[in-house]
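Reviewing the structure listed below.
Read the numbers this way: they start at 1 and go in the same order the structure lists the ligands and their atoms.
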Amino acid sequence: MSEQSLVHVSREDRIATVTIQRPEKLNALNPQVIDELGKAFRELRSDDEIRVVILTGAGEKAFVAGADIGVLAEMNPLSGVEVSRQGQVVFREIETFPRPVIAAVGGYALGGGCELALACHLRIASENARFGLPEVGLGIIPGYGGTIRLARLVGLGKALELTLTGGQVGAEEAERLGLVNAVVPREALLERAREMAGRIARNGPVAIQMALESIYHALDSTTAEALTHESSLFGILASTDDMKEGMGAFLEKRKPTFRGQ
Ligand code: COA
């Protein structure tokens with residue numbers, strides 16, 4: 001008998017929703033979840049219909065309460081590297097996904113769950129959401145990119161504080177820090193994520209892809225190199241039907257219909 005799937009993908013109005021479904025363990029990331037997350041994003045990558053992805057966790061309590069501590073407890077040095085690398089590769093696929101990925105965080109986003117939210121492009125949190133990197137309390141460090149991405153998002157000082165104390169912040173504090181883009185009541189979480197996804201999906205898809213590409217490329221480049229790269233992408237967009245459509249629609253005072261070409 002095949003094992004039960006722990007990651008579910010649904011599609012509606014060009015928006016895909018990827019849901020981690022292991023609520024009885026607060027959606028903790030075991031190897032099966034990591035593997036299925038990777039497969040889900042690889043399949044969505046080749047689905048040109050999809051313009052935005054929402055990533056969320058099942059249940060009322062958690063987005064993801066971390067990597068599965070039962071699995072981590074069995075690590076030796078070699079398998080530890082492998083555990084970290086497997087998560088990193090999948091999270092990097094999400095970060096480099098060519099269309100925006102919005103994390104809808106409805107509860108705990110701890111450890112690997114916080115790192116997963118950080119690998120997404122945007123984050124919307126419910127009022128009961130809690131963020132933190134408790135790894136040092138378990139005698140490890142964040143191993144899915146948290147020591148890199150948190151500081152980029154909230155600055156070095158706060159990232160060091162959160163990582164070294166292992167403390168948590170609530171949704172309101174997370175918004176103040178720039179760790180989340182918006183905070184909404186729990187029952188409005190998915191609706192708000194879909195609303196944001198809808199606003200993104202109305203824009204030129206190739207432009208959205210290139211905006212992501214330029215912004216993330218710049219993180220690992222010198223200013224001069226990033227500016228040259230930005231100009232190249234800007235120039236490429238001048239060859240797209242989407243640019244003609246977007247500007248034509250403005251001049252003709254109508255709404256554009258983008259085809260992503
Ligand atoms: N790995 C494995 N199992 C986990 C888990 C994790 N990261 N987080 C939660 N669970 C499991 C619990 O063991 C429990 O399973 P059980 O019912 O079989 O005993 C179930 O999920 C529910 O969690 P529980 O601890 O009972 O819920 P709570 O509301 O009392 O506490 C948390 C919620 C998030 C505070 C608590 O679960 C917790 O501290 N989790 C670990 C967070 C962490 O350190 N993450 C980083 C890992 S690197």
Side-chain angles (χ1 to χ4, degrees), residues 3-8 18-38 55-92 94-95 103-120 123-151 153-154 158-174 177 179-180 183 186-187 189:
E3 57 191 358
Q4 200 189 342
S5 168
L6 296 178
V7 173
H8 180 257
V18 176
T19 307
I20 300 174
Q21 273 177 327
R22 206 188 170 208
E24 71 288 355
K25 294 287 183 190
L26 305 187
N27 302 318
L29 303 170
N30 66 8
Q32 188 189 338
V33 175
I34 297 274
D35 184 51
E36 289 184 22
L37 260 184
L55 174 61
T56 195
E60 296 299 307
K61 266 176 86 171
F63 172 65
V64 167
D68 192 311
I69 298 172
V71 175
L72 295 183
E74 303 295 320
M75 288 186 303
N76 62 39
L78 277 182
S79 67
V81 172
E82 203 43 40
V83 163
S84 169
R85 284 301 296 159
Q86 279 168 359
Q88 284 180 352
V89 166
V90 171
F91 286 23
R92 183 74 176 144
I94 294 172
E95 185 172 53
V105 179
Y108 290 111
L110 301 178
C114 185
E115 294 175 283
L116 181 57
L118 288 169
C120 297
R123 284 150 294 278
I124 297 181
S126 61
E127 289 163 348
N128 68 329
R130 294 195 66 77
F131 295 81
L133 294 173
E135 282 88 345
V136 290
L138 298 166
I140 55 173
I141 62 169
Y144 293 160
T147 62
I148 295 107
R149 295 191 180 104
L150 185 61
L153 197 60
V154 304
K158 204 69 200 180
L160 280 165
E161 181 187 330
L162 277 169
T163 308
L164 301 182
T165 63
Q168 297 178 13
V169 291
E172 214 174 285
E173 171 79 348
L177 294 173
L179 180 47
V180 300
V183 179
R186 179 65 184 84
E187 61 277 12
L189 181 66

Residue and atom name of the nearest protein heavy atom (relative to [atom]), distance in Å to one decimal:
atom	result
atom 17 (O) of ligand 1	Glu24 O, 4.4 Å
atom 36 (C) of ligand 1	Leu26 CD1, 4.6 Å
atom 5 (C) of ligand 1	Ala28 CB, 4.0 Å
atom 46 (C) of ligand 1	Pro134 CG, 3.7 Å
atom 38 (C) of ligand 1	Leu110 CD1, 4.9 Å

Less than 4.0 Å from [atom], is there any heavy atom belonging to the protein?
atom	answer
atom 31 (O) of ligand 1	no
atom 43 (C) of ligand 1	yes
atom 1 (N) of ligand 1	yes
atom 21 (O) of ligand 1	yes
atom 26 (O) of ligand 1	no

Heavy atoms, side chains only, cut-off 4.5 Å: are [X] and [Y] in contact?
X	Y	value
Val64	Leu26	no
Gln32	Gln4	no
Leu6	Ile20	no
Pro31	Val71	yes
Phe63	Leu116	yes

- Query: Salt bridge between Lys158 and Glu161, side-chain N to carboxylate O under 4.0 Å?
  - Reply: yes
- Query: Quick one: does ligand 1 sit under 4.0 Å from the side chain of Ala65, the backbone, both or neither, non-hydrogen atoms only?
  - Reply: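 Within the 4.0 Å criterion, Ala65 contacts ligand 1 through backbone and side-chain atoms alike.
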- Message: Distance alone, cut at 3.5 Å: any donor-acceptor contact between the side chains of Ser5 and Glu36?
- Response: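 Yes, a side-chain donor-acceptor pair sits under 3.5 Å.
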- Message: Judged on heavy-atom distance to atom 7 (N) of ligand 1, which of Gly111, Gly166, Ala67, Gly143 sits nearest?
- Response: Ala67
- Please work out which of Gln168, Lys61, Lys25, Arg130 has its closest non-hydrogen atom nearest to atom 11 (C) of ligand 1. Lys25
- Message: For Glu127, I'd like to know if atom CD has over 12 heavy atoms of other residues, nucleotides or ligands within 6.0 Å.
- Response: yes
- Message: Just verifying a value: how many Å separate Glu173 CD and Arg130 CZ, rounded to the nearest 0.5 Å?
- Response: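 One gets 10.0 Å once the value is rounded to the nearest 0.5 Å.
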